[in-house]
Visitor: 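Sharing a structure below in structure tokens format, with a few things to ask.
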Amino acid sequence: QVQLVESGGGLVQAGGSLRLSCVASGMIFDIKDMGWYRQAPGKQRELVAAVTRGGDLNYSDSVKGRFTISRDNLKNTIYLQMNSLRPEDTAVYYCHAQVSNYYSDYAYIEYWGQGTQVSVSS
């Protein structure tokens with residue numbers, strides 16, 4: 001019903017930059033919160049950054065000042081601009097969204113993208 005498709009991952013040297021994109025498509029009535037999570041090998045998935053429909057932002061302390069999340073509500077898209085990347089940022093990055101539609105009886109259901117690999121070499 002709803003698909004989240006990420007793009008923009010890759011391999012970069014420490015200090016470099018990458019920009020991730022996530023597009024939500026399918027049966028969408030409304031999207032509440034959207035965000036980025038990441039999971040490194042052997043670790044739990046953690047929040048990186050999130051943005052509400054109204055534009056309120058939330059960042060993990062580990063990325064504040066380096067990463068910027070933005071959202072285009074007309075395109076159902078979020079972006080993550082990642083600057084000053086560090087080896088410890090290496091992880092699979094997942095897009096997350098709270099979506100309502102007719103099939104959920106307009107309740108908000110959580111959806112996840114398939115993930116995109118970000119690797120930072122030292």
Visitor: Answer with yes or no whether the hydrophobic clustering places V2 together with I109; edges join I, L, V, M, F, W, Y residues whose side-chain heavy atoms lie under 4.5 Å apart.
Guide: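 In one cluster with V2: I109, yes.
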
Visitor: Looking at R86 and D89, is there a salt bridge between them, counting it only when a charged N and a carboxylate O are closer than 4.0 Å?
Guide: no

Visitor: What closest approach, in Å, do V63 and V48 show between heavy atoms, and which atom pair accounts for it?
Guide: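 Minimum heavy-atom contact is CG2-O, 3.6 Å.
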
Visitor: Which atom pair, heavy atoms only, marks the closest approach of L80 to A49?
Guide: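 Looking at all heavy atoms of both residues, the closest pair is CD1-CB, 4.2 Å.
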
Visitor: Please step through side chain to side chain contact (heavy atoms under 4.5 Å, CB included) for the pair S17 and Q81, ending with a clear verdict.
Guide: CA-CA 7 Å; S17 298; Q81 178 65 43; 4.0 Å; yes

Visitor: Just by distance, do the side chain of T77 and the backbone of V23 share a donor-acceptor pair under 3.5 Å?
Guide: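 Checking the backbone N and O of V23 against the side chain of T77, no donor-acceptor pair under 3.5 Å is found.
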
Visitor: Taking the side chain as every heavy atom from C-beta outward, state whether M27 and Y102 have any atom pair closer than 4.5 Å.
Guide: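 Not in contact.
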
Visitor: Would V99 and Y106 show up in the same hydrophobic cluster when neighbours are defined by side-chain heavy atoms closer than 4.5 Å?
Guide: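 Looking at the clustering, Y106 is in a separate group from V99.
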
Visitor: Check S122 against A14 and note the closest heavy-atom contact, atom names and distance.
Guide: CA-CB, 4.3 Å

Visitor: Mind listing the closest non-hydrogen atom pair of L4 and A24 along with its distance?
Guide: CD2-CB, 3.4 Å

Visitor: Set out, in order, the CA-CA distance, both residues' side-chain angles and the distance that settles side chain to side chain contact (heavy atoms under 4.5 Å, CB included) for V5 and S25, then state yes or no.
Guide: CA-CA 8 Å; V5 179; S25 63; 5.5 Å; no

Visitor: Do L57 and V51 make a side-chain contact, defined as non-hydrogen atoms from C-beta onward lying under 4.5 Å apart?
Guide: yes

Visitor: Mind checking whether I78 and I28 sit in one hydrophobic cluster, side chains of I, L, V, M, F, W, Y counted as touching below 4.5 Å?
Guide: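 Yes, it is one cluster - the side chains of I78 and I28 are joined through contacts under 4.5 Å.
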
Visitor: Do R71 and I31 come within less than 4.5 Å of each other through their side chains, counting heavy atoms only?
Guide: yes

Visitor: Run the numbers on R38 and E46 for side chain to side chain contact (heavy atoms under 4.5 Å, CB included), then give the verdict.
Guide: CA-CA 5 Å; R38 67 186 181 188; E46 63 175 1; 2.8 Å; yes

Visitor: With distance as the sole test, does D105 use its side chain to make a donor-acceptor pair with the main-chain N or O of A107 at under 3.5 Å?
Guide: no

Visitor: How long is the span from the CZ atom in R19 to the OG1 atom in T68, to the nearest 0.5 Å?
Guide: 10.5 Å

Visitor: Could you go step by step and tell me if L20 and E6 meet the side chain to side chain contact (heavy atoms under 4.5 Å, CB included) rule?
Guide: CA-CA 7 Å; L20 305 183; E6 303 108 332; over 6 Å; no

Visitor: Carefully, step by step, assess D30 and Y108 under the rule side chain to side chain donor-acceptor pair (under 3.5 Å).
Guide: CA-CA 8 Å; D30 184 53; Y108 288 94; 2.5 Å; yes

Visitor: Which atom pair, heavy atoms only, marks the closest approach of I69 to G35?
Guide: CD1-CA, 4.1 Å

Visitor: Can you check ring-ring contact (aromatic ring centres under 6.0 Å, His included) on Y59 and F67, steps first, answer last?
Guide: CA-CA 8 Å; Y59 291 98; F67 292 9; 8.4 Å; no

Visitor: Pick one: which of L11, V12, T116 meets side-chain contact (heavy atoms from CB on, under 4.5 Å) with L18?
Guide: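 For L18, the side-chain contact (heavy atoms from CB on, under 4.5 Å) test succeeds with only one of L11, V12, T116, which is V12.
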
Visitor: Answer with yes or no whether the hydrophobic clustering places M34 together with Y37; edges join I, L, V, M, F, W, Y residues whose side-chain heavy atoms lie under 4.5 Å apart.
Guide: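 In one cluster with M34: Y37, no.
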
Visitor: Is the W112 ring parallel, tilted or perpendicular to the H96 ring (thresholds 30°, 60°)?
Guide: tilted

Visitor: For Y94 and G115, work out which heavy atoms get closest and say how close.
Guide: CD2-CA, 3.6 Å

Visitor: Please tell me if the side chains of F29 and S104 come closer than 4.5 Å, counting only heavy atoms from C-beta onward.
Guide: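 No - every pair of side-chain heavy atoms lies 4.5 Å or more apart.
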
